[in-house]
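Taking it in order: structure first as structure tokens, then the write-up.
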Amino acid sequence: MTRFPILIYAAGMGTRMAHLTQDRPKPMVPVAGKPLIDHALALVHASGVTGVCVMNLHYMGDQLRHHLSDQDVTFSDESDLLRETGGGLRHAMPLLGGSPVMTLNSDAVWSGPNPLQILADAWDDTMQALLLTVPRSQALGHSGQGDFLIGPDGKLTRGPDEVYTGVQIVRTDALAGIKGDVFSTNVLWDKIAQDGGLHGISYSGRWCDVGQPSSIIVAEHMLQEHADV
């Protein structure tokens, strides 16, 4: 079984969470009785498809270090500069130790099969990137249009149908050619798409983006409904 190094994104400022992140980083905001970061790590542990686990830190990172002091997590320190998703991935590469890499956003919860396992099972070594998306009708707490269309060949193009969930497997070779320290993974995806290597798979369950206070109640209802099934 292929095991992927994983980067968990936990460095964001969490400004949309308003008062909830005045005294804590967003991954420490509780949902259904435990911090968001614990939900993310539960997915990692249950999947069985990850190797080294790295988490990037910026805003109030010491709280996460303390909370996870008994976990087998290596921290990528971005306290000097918040690098966004692409820059954060490149900064963490010496700790991740190889490519391809799996990444996971820490500000979402899931109802359905383990998304990391789904992605790992669908990975093909001919791919440059495989993104997990979800239909807009199954994306809770999310406003606006989707991000991608999935073609019949599984390749992604920009479009409104599918929402990116924050989970991917991606080869990191092209990161070296991107200028600047601060950039989104969108820059990397565009490079990969030009070569026809950007693929996607649609998630069958439900996903909730916990990016603002009102999304917490939505997420908790979703988790409760899943538990009641």
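Since we're looking at a predicted model, the values are computed, not measured.
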Is the closest side-chain heavy-atom distance between Asp72 and Cys53 below 4.5 Å? no

Does the pair Gln117 and Asp121 meet the rule for a side chain to side chain contact (heavy atoms under 4.5 Å, CB included), with working shown? CA-CA 6 Å; Gln117 183 68 63; Asp121 288 345; 2.8 Å; yes

According to a 4.5 Å side-chain heavy-atom criterion applied to Ile, Leu, Val, Met, Phe, Trp and Tyr, with indirect links allowed, do Leu104 and Val29 form part of one hydrophobic cluster?
no

### Task
Could you check if a side-chain atom of Phe75 sits within less than 4.5 angstrom of a side-chain atom of Val73, using non-hydrogen atoms only?
yes

On a heavy-atom basis, the closest approach of Met60 and Gln22 is CE-O, 3.2 Å

Here the gap from Ile150 atom CD1 to Leu156 atom CG, rounded to the nearest 0.5 Å, amounts to 5.5 Å

Whether the side chain of Arg90 engages the backbone of Ile178 through a donor-acceptor N/O pair (distance < 3.5 Å, no angle test) should be reported.
yes

On a heavy-atom basis, the closest approach of Gly211 and Lys26 is CA-NZ, 4.4 Å

Ignoring hydrogens and angles, tell me if any N or O in the side chain of Arg3 forms a donor-acceptor pair with the backbone of Thr50 under 3.5 Å. yes

**Request:** Indicate whether any N or O donor in one side chain lies under 3.5 Å from an N or O acceptor in the other, for Asp190 and Gln194.
**Result:** no

- Task: I would like to know whether His91 and Asn56 meet side chain to side chain contact (heavy atoms under 4.5 Å, CB included); could you show each step before the answer?
- Result: CA-CA 9 Å; His91 186 69; Asn56 70 344; over 6 Å; no

| message | Between Val210 and Met17, is the side chain to side chain contact (heavy atoms under 4.5 Å, CB included) condition met? List the steps. | response | CA-CA 9 Å; Val210 191; Met17 279 292 192; 3.7 Å; yes

* What about Ile6 and Tyr9, same hydrophobic cluster or not, with Ile/Leu/Val/Met/Phe/Trp/Tyr joined at side-chain heavy-atom distances under 4.5 Å? -> no

Of all heavy-atom pairs linking Leu82 and Ala11, the shortest is CD1-O, 3.4 Å

Checking the side chain of Arg206 only, and the main-chain atoms of Leu140 only, is there a donor and an acceptor separated by less than 3.5 Å? no

- side chain to side chain contact (heavy atoms under 4.5 Å, CB included) assessment of Asn186 paired with Arg158: CA-CA 11 Å; Asn186 279 287; Arg158 300 288 180 173; 2.9 Å; yes

Worksheet item: Going hydrophobic residue to hydrophobic residue with side-chain gaps under 4.5 angstrom, can you get from Val44 over to Leu64?
Response: yes

When rounded to the nearest 0.5 Å, the distance separating OG1 of Thr157 from CD of Glu162 is 11.0 Å

In short, Leu223 meets Ala32 closest at the heavy-atom pair CD1-CB, 4.0 Å

Answer yes or no: is there a side-chain heavy-atom contact under 4.5 Å between Asn114 and Leu43?
-> yes

* **Validation row: Asp38, Gln71 side chains within 4.5 angstrom (heavy atoms)** => no

Hey, are the side chains of Ser111 and Glu225 touching, using non-hydrogen atoms and a 4.5 Å cut-off?
no

State, yes or no, whether a side-chain contact exists between Gln168 and Thr185 at a heavy-atom distance under 4.5 Å. yes

pair Gln128-Leu198: side-chain heavy atoms closer than 4.5 Å: no

When rounded to the nearest 0.5 Å, the distance separating CG of Asn105 from CG of Leu36 is 11.0 Å

* Out of curiosity, does Leu119 fall in the hydrophobic cluster containing Leu188 (side-chain heavy atoms, cut-off under 4.5 Å, transitive links)? -> no

Here the gap from Arg171 atom CZ to Ile192 atom CD1, rounded to the nearest 0.5 Å, amounts to 9.5 Å

Which of Leu89, Leu96, Val101 passes side-chain contact (heavy atoms from CB on, under 4.5 Å) with Val54? Answer is Leu96

- Query: Does NE2 in His221 sit with more than 12 non-hydrogen atoms of other residues, nucleotides or ligands closer than 6.0 Å?
  - Reply: no

With Tyr164 as partner, the option from Tyr203, Trp189, Trp207 fulfilling ring pair (Phe, Tyr, Trp, His ring centres under 6.0 Å) is Trp189

The reported gap from CE in Met127 to NZ in Lys155 (rounded to nearest 0.5 angstrom) is 10.0 Å

Review point. Can you check whether Thr133 reaches Asp147 side chain to side chain, under 4.5 Å on heavy atoms?
Key: no

| Is His199 reaching over with its side chain to a backbone N or O of Gly197, donor-acceptor style, under 3.5 angstrom? | yes

Taking His39 for its side chain and Pro30 for its backbone only, find out whether a donor-acceptor pair lies under 3.5 Å. no

Original post:
Going hydrophobic residue to hydrophobic residue with side-chain gaps under 4.5 angstrom, can you get from Met102 over to Leu132?
Top reply: yes

Between Pro5 and Gly98, the two heavy atoms sitting closest are CG-O, 4.1 Å

_Is it the case that the side chain of Ser106 and the backbone of Ala40 share a donor-acceptor pair, with hydrogens and angles ignored and the cut-off at 3.5 Å?_
no

d(Thr103 OG1, Leu116 CG) to nearest 0.5 Å is 9.5 Å

Closest heavy-atom pair, Ser215 versus Cys208, reported as atoms and distance to 0.1 Å, is O-SG, 3.9 Å

Would you sort out whether Asp173 and Lys191 count as a salt bridge (Lys or Arg N to Asp or Glu O under 4.0 Å), showing the intermediate values?
-> CA-CA 11 Å; Asp173 311 65; Lys191 285 180 170 290; over 6 Å; no

